[in-house]
Amino acid sequence: MKFPSLSLATCILLSIEKASAYDKKVADDGSILTYSGKPGVQGHPARQRMTKTSKGTKATLPPEDPADEVGGMNTEPTPIAGIDNSWRLLHRNGIIDSIPSFLCEKNREAPQGKNVILVVGDGMGWEMIRAGAVAKKVLQELEGMGVDVKTGATGKLAKDAKAAFKGRTLNDYYISGKGNGLSFQDLPKFHVMTTSTPIIGEPSDGNHYGPARSFLGDVGEHDNGMGELLTNKDGVPYVFSGKDVMEGGNMVLWNDAKGGKYPWDPNYFLEGNQPPSDPAFDPEYILQHAIDSANSASCYATGVKTGVNQMGVDLYERTVRSILEDAQSCDKSGGIMTSVPILHATPGAFVTHTNSRGNKFQLQTGFAEAEPTWAMGTCASIYQPTEELKQSMIDGALSSKYTLLTQDPNVLAENFYDPIQVKHPDKGHKVLSCFAGQYSSNTKLQNMPYRGLDSSYTGRWCSKGIKDKDEDDVVIGVTPDSEICNHWPEEELKNIPHMKEHVKEALKFLGKDKDGFFLMYEQGDIDWAAHANHMDDLLGAMLDIDDSVQEIMDWINANGGFEKNALYVTADHDHYLTLLPHFPEAVANMSKHNVPIFHTTK
């Protein structure tokens, strides 16, 4: 199904009241998401193949069967007058049969709809998922042979293991399509999608992010709404156009010939100077006008397109409500949780309204006003609630609502959530859990402990490694250097629950709400590890999201199945990761803290 360019087809538009009908329609049409469970949908976007500063864009979605033909550049959209919203969009495109008259159930005695759980792997594109899936299967096979993957093997066992994986390549696993190996890959539905950003005014020079700009100018220079309307050279205010930016419009659309139809397009895996099979293919095309985590997550949260760095506002910097806020206004619980700072781009988009992700005041004010039922992550840098707000949760006005849980050397991980076991969201209770930052002896820490491929949480390459370059000075890979250190102080690891335990406790608490809940869980350090070209960190983060989604699926199965719950697994953008063919053998041959060359660029 194709969508008009002004539509929000690249956003996850989640219905609370009409969840059952909406979920069924999405699953039948295969229009929006990628991985699905019955009748909810799960997914990750198409691999948008990018560098550290490039997140690809595609505004049309392929049909359910990847073998079907997909059109190239979108045709010119039908103009839409007035202010749009997600309900009207969904109705206009046949996703829902009608627009409900009420946001909340008019009869509060009626069934309360579904719990909605959104999982976002930040930067988790197709190749990221393949890396995690293949690595997990290799580890499982080694363990089946009797190898301890934390300490390695010696003697005959090591020799046998090396022989078993000698010559093993990615062709022995999968090279296209859904693949298998991770928990969410077992779900029956798989669809491809991408995320894209509007371009307001002049595009950024070169292959880089789209401009952080609204119709009121550069967003970092003023607070919400506090800017003049942008005008063209004739002094006329800009009017949004759904045409592609290359045709003078504001949308970044996708061209299948230039960028490939699927993330596994063979032209992305050519060696050396091999020419592409299609002369129209342009390897630089995917690097242009990149989206960022803030506006992609904002679109998921609100159903409204906005620009780079913007969260919870439209292109005129007007506040738009999030699904979490709507859920809470309907007496449901609303939660956010992440492996990075609580008010970082993805979680922040659900609880704040800011034209700039770096506007500390607007971020913190938004959180204070939203008062989410559940918030968990690191409390570091500017991306956290204020100290005054946290203190109020301890002994001030918010102490009757909130339980503030913070990392404590005297509290073991298994006891961390003991204080909230008697708490109940139907009684107005809320939870904020803080880690890292001031709560660690290493105050520079900003994300949860990296697990690593061996799941030891210790011993990793301290730096980003040594960049390998070709004769044209182009980076073609990264070789680890020889310095090993721990990400977190080892003595603190006993105090930190693993991500799947955080997810388990969030579901246990929010699941008490008789009216239901919305929860967004982000594995944000997938993105951080990819930016750092750190494969060991990346694979550990993929194992974290795999375990956590399995925890969610187990909870759903024990709590009404997909008749009572909707589960969505997706990403906000991708990274330009290219695995070398011998990746499986390299994983198998690793010894503790001695990972062979894993190239993260090509």
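Computed from heavy atoms alone, side chains included, the values below leave out hydrogens, waters and symmetry copies.
In summary, of the residues considered (Asp537, Asn447, Asn442, Thr458), a side-chain hydrogen bond (donor to acceptor under 3.5 Å, both in side chains) with His487 occurs for Asn447 alone. Looking at Asn295, Asp122, Thr195 one by one, the single match for side-chain hydrogen bond (donor to acceptor under 3.5 Å, both in side chains) with His573 turns out to be Asp122.
Relative ring orientation between Tyr457 and His498 is described as parallel, the plane-to-plane angle staying below 30° on a 0-90° scale split at 30° and 60°.
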Taking it one step at a time, do Asp544 and Arg451 satisfy salt bridge (Lys or Arg N to Asp or Glu O under 4.0 Å)?
CA-CA 8 Å; Asp544 268 341; Arg451 169 179 181 168; 3.2 Å; yes
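Counting heavy atoms from C-beta on, the side chains of Val138 and Tyr173 come closer than 4.5 Å. Proximity of Val120 to Gln523: side-chain heavy atoms (C-beta onward) are nowhere separated by under 4.5 Å. Between Phe240 and Met251 there is a side-chain heavy-atom pair separated by less than 4.5 Å. Counting only heavy atoms from C-beta outward, the side chains of Met499 and Met448 approach each other to under 4.5 Å. Within the 4.5 Å cutoff, the side chain of Ile129 has heavy atoms near those of the Met124 side chain. Side chains of Thr338 and His344 form no contact here, defined as non-hydrogen atoms less than 4.5 Å apart. Side-chain contact check for Lys137 versus Val134: every heavy-atom pair is 4.5 Å or farther apart. No side-chain heavy atom of Phe184 sits under 4.5 Å from any side-chain heavy atom of Gln550.
Looking at Ser339, its side chain does come within 3.5 Å of a backbone N or O of Asp525 through a donor-acceptor pair. The main-chain N or O of Ala297 is never found under 3.5 Å from a side-chain atom of Thr346 such that the two would form a donor-acceptor pair. Judged by distance alone, with hydrogens and angles left aside, the side-chain atoms of Asp278 form a donor-acceptor pair with the main-chain N or O of Ala280 at under 3.5 Å. A donor-acceptor contact shorter than 3.5 Å is absent between the side chain of Glu143 and the backbone of Asp148. Remark: the backbone N or O of Ser548 is not paired with any side-chain donor or acceptor of Tyr521 at under 3.5 angstrom. Formation of a donor-acceptor pair under 3.5 Å by the Asp292 side chain with backbone atoms of Asn309 is found in this model.
With rounding to the nearest 0.5 angstrom, the CD1 atom of Ile286 is 13.5 Å from the CG atom of Asn255. One finds the OG1 atom of Thr197 at 5.5 Å from the CD1 atom of Ile291 (value rounded to the nearest 0.5 Å). Ser293 contributes atom OG, which lies 5.0 Å from atom CG of Asp527 (distance to the nearest 0.5 angstrom). Taking CG of Asn355 as the start and CG of Asp314 as the end, the distance is 11.0 Å to the nearest 0.5 Å. Within the model, atoms OG of Ser214 and CG of Leu315 stand 7.0 Å from one another, a figure rounded to the nearest 0.5 Å. To the nearest 0.5 Å, atoms CG (Asn359) and CE (Met311) are separated by 10.5 Å.
Within a 6.0 Å sphere centred on NZ of Lys500, heavy atoms belonging to other residues, nucleotides or ligands number 12 at most.
The aromatic ring centroids of Tyr268 and Trp126 lie 6.0 Å or more from each other. Ring to ring, Tyr209 and His289 are not that close: their centroids are 6.0 angstrom or more apart.
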